[in-house]
Amino acid sequence: MRNEIIRSMVVNKVAVDILEPNGRERFSACGELVLPGEDGAVFDPSSSMDCDLDLSQGTPRFYIMRLRDREKQFDRITYHEKVTQCLALSSPSTLSGWYLAVAPPTYTQGDETVVYPDLEKDVVVYRIPHGVIVKLHKGTWHAGPLWDPKEASVAEFMNLELSDTNVVDHHTHIYGDGGAMVD
């Protein structure tokens with residue numbers, strides 16, 4: 001008979017403001033930020049108003065998802081291997097900002113081995129203000145969008161991914177009892 005130790009704990013994660021210089025630099029391993037820019041500018045993936053997308057593995061889907069009763073906590077984290085994903089708070093909103101927990105990709109394309117991100121060491125929670133689009137690199141682990149339930153019970157987010165992402169490319173790791181709370 002094998003003995004198993006089941007670890008139950010809640011990790012407290014302090015949110016990093018994604019627009020702070022250190023926040024943007026740390027986030028770059030997981031994705032890019034898209035900020036407002038002047039209309040008519042030529043496409044430049046190195047500018048802050050453009051990003052490098054990969055929607056080549058299927059039919060793109062751009063929609064507004066309505067989420068209910070989310071809190072600033074999570075017990076699972078997900079990645080999409082085949083697509084970059086963009087998320088942004090839809091307008092109008094009563095939220096002052098939202099939160100996204102991320103960890104850099106840990107798989108190699110074609111390799112069956114997936115290393116799950118350590119909740120304490122690898123996962124960073126970012127606070128994202130209204131008006132910023134977050135683009136996640138392929139394979140970036142993420143949990144959210146999350147928000148303060150005192151601000152709203154329902155929030156709407158723009159989401160760009162593939163039409164079948166949540167059916168065929170939704171890889172989730174569950175941390176078990178506990179998970180993380182966002183401060």
Side-chain angles (χ1 to χ4, degrees), residues 5-35 45 48 51-55 57 65 67 70-89 95 97-129 132-149 155 157-162 164-183:
I5 298 172
I6 299 174
R7 206 167 130 195
S8 177
M9 65 178 213
V10 174
V11 174
N12 286 319
K13 304 295 284 185
V14 176
V16 174
D17 186 334
I18 204 160
L19 293 181
E20 294 292 322
N22 187 39
R24 292 181 79 158
E25 183 179 319
R26 287 176 69 184
F27 185 75
S28 67
C30 297
E32 301 172 61
L33 304 182
V34 180
L35 304 172
S48 65
C51 65
D52 188 21
L53 299 173
D54 184 349
L55 302 167
Q57 301 296 310
M65 60 181 182
L67 303 175
R70 295 287 177 101
E71 296 198 21
K72 294 189 324 184
Q73 62 187 30
F74 61 96
D75 68 350
R76 61 196 65 210
I77 196 160
T78 299
Y79 76 89
H80 308 302
E81 185 176 343
K82 298 178 181 179
V83 66
T84 55
Q85 181 178 16
C86 293
L87 295 166
L89 186 59
L95 299 180
W98 57 287
Y99 301 86
L100 187 66
V102 296
T106 58
Y107 76 96
T108 304
Q109 190 108 18
D111 185 0
E112 297 296 320
T113 306
V114 176
V115 177
Y116 301 116
D118 183 278
L119 185 57
E120 292 183 72
K121 297 177 189 167
D122 301 327
V123 177
V124 178
V125 177
Y126 291 95
R127 184 188 176 286
I128 303 158
V132 174
I133 300 170
V134 173
K135 185 225 97 178
L136 301 175
H137 296 319
K138 290 194 304 187
T140 293
W141 292 93
H142 58 284
L146 309 168
W147 65 86
D148 188 337
F157 292 85
M158 292 178 278
N159 189 2
L160 175 62
E161 57 189 4
L162 295 180
D164 61 356
T165 294
N166 290 324
V167 177
V168 300
D169 190 21
H170 198 268
H171 311 280
T172 299
H173 172 64
I174 300 172
Y175 286 109
D177 292 342
M181 302 282 295
V182 180
D183 290 332

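All residue numbers refer to positions in the sequence shown, counting from 1. Only this structure's heavy atoms are used, side chains among them; waters, hydrogens and symmetry mates stay out.
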Taking side-chain contact (heavy atoms from CB on, under 4.5 Å) as the definition, give me every residue that meets it alongside Leu162, ordered by chain and number, with sequence neighbours left out.
Leu55, Gln57, Val83, Asp164, Thr165
Give a yes or no on whether the backbone of Thr84 and the side-chain of Asp54 come within a donor-acceptor separation of less than 3.5 Å.
no
Heavy-atom donor-acceptor pair, Lys13 side chain to Leu119 backbone, under 3.5 Å:
yes
Any non-hydrogen side-chain atom of Leu136 less than 4.5 Å from a side-chain atom of Leu100?
yes
Under the side-chain hydrogen bond (donor to acceptor under 3.5 Å, both in side chains) definition, can you give me all pairs with a residue in residues 19-33, not counting sequence neighbours?
Glu32-Lys135
Can you tell me how far apart CH2 (Trp141) and OG1 (Thr172) are? Round to the nearest 0.5 Å.
7.5 Å
Work out which heavy atom in Pro145 is nearest to a heavy atom in Arg70; give both atom names and the distance.
O-NH1, 3.3 Å
Which atoms form the tightest heavy-atom contact between Tyr126 and Gly23, and what is the distance?
CE2-O, 3.5 Å
In terms of heavy-atom contacts, Pro117 and Ile77 come closest through CG-CG2, 4.2 Å
Euclidean distance, Thr78 OG1 relative to Asn166 CG, rounded to 0.5 Å
9.0 Å
Partner set under side-chain contact (heavy atoms from CB on, under 4.5 Å) for Lys72, not counting sequence neighbours:
Tyr99, Asp148, Val182
Over 60° means perpendicular and under 30° means parallel, so classify the ring planes of Phe157 and Trp98, tilted if in between.
perpendicular
Please step through side chain to side chain contact (heavy atoms under 4.5 Å, CB included) for the pair Met158 and Ile133, ending with a clear verdict.
CA-CA 9 Å; Met158 292 178 278; Ile133 300 170; 5.7 Å; no
Give me the atom names and distance for the closest heavy-atom approach of Cys86 to Leu53.
SG-CD2, 3.5 Å
Which pair of non-hydrogen atoms, one from Cys30 and one from Ala103, has the smallest distance, and what is that distance?
SG-C, 3.5 Å
Residue pair Val11, Tyr175: steps toward the side chain to side chain contact (heavy atoms under 4.5 Å, CB included) verdict
CA-CA 11 Å; Val11 174; Tyr175 286 109; over 6 Å; no
Considering non-hydrogen atoms only, spot the tightest contact between Gly139 and Tyr79 and give its length.
O-CB, 3.4 Å
Using the benzene-type ring in the case of Trp, are the ring centres of His171 and His80 under 6.0 Å apart?
no
Could I get the full list of side-chain contact (heavy atoms from CB on, under 4.5 Å) partners for Pro129, not counting sequence neighbours?
Ile18, Leu19, Arg127, Val132
Contacts of type salt bridge (charged side-chain N to carboxylate O under 4.0 Å, His left out), residue Asp75, not counting sequence neighbours:
none
Going by side-chain contact (heavy atoms from CB on, under 4.5 Å), name the residues that satisfy it together with Met181, two or more places apart in sequence or in a different chain.
Val10, Asn12, Gln73
Quick one: does Asn159's side chain have a donor or acceptor within less than 3.5 Å of a partner on Met65's backbone?
no
Value rounded to 0.5 Å, distance of CH2 in Trp147 from CG in Leu89
9.0 Å
Quick check: do Val134 and Phe27 have side-chain heavy atoms less than 4.5 Å from each other?
yes
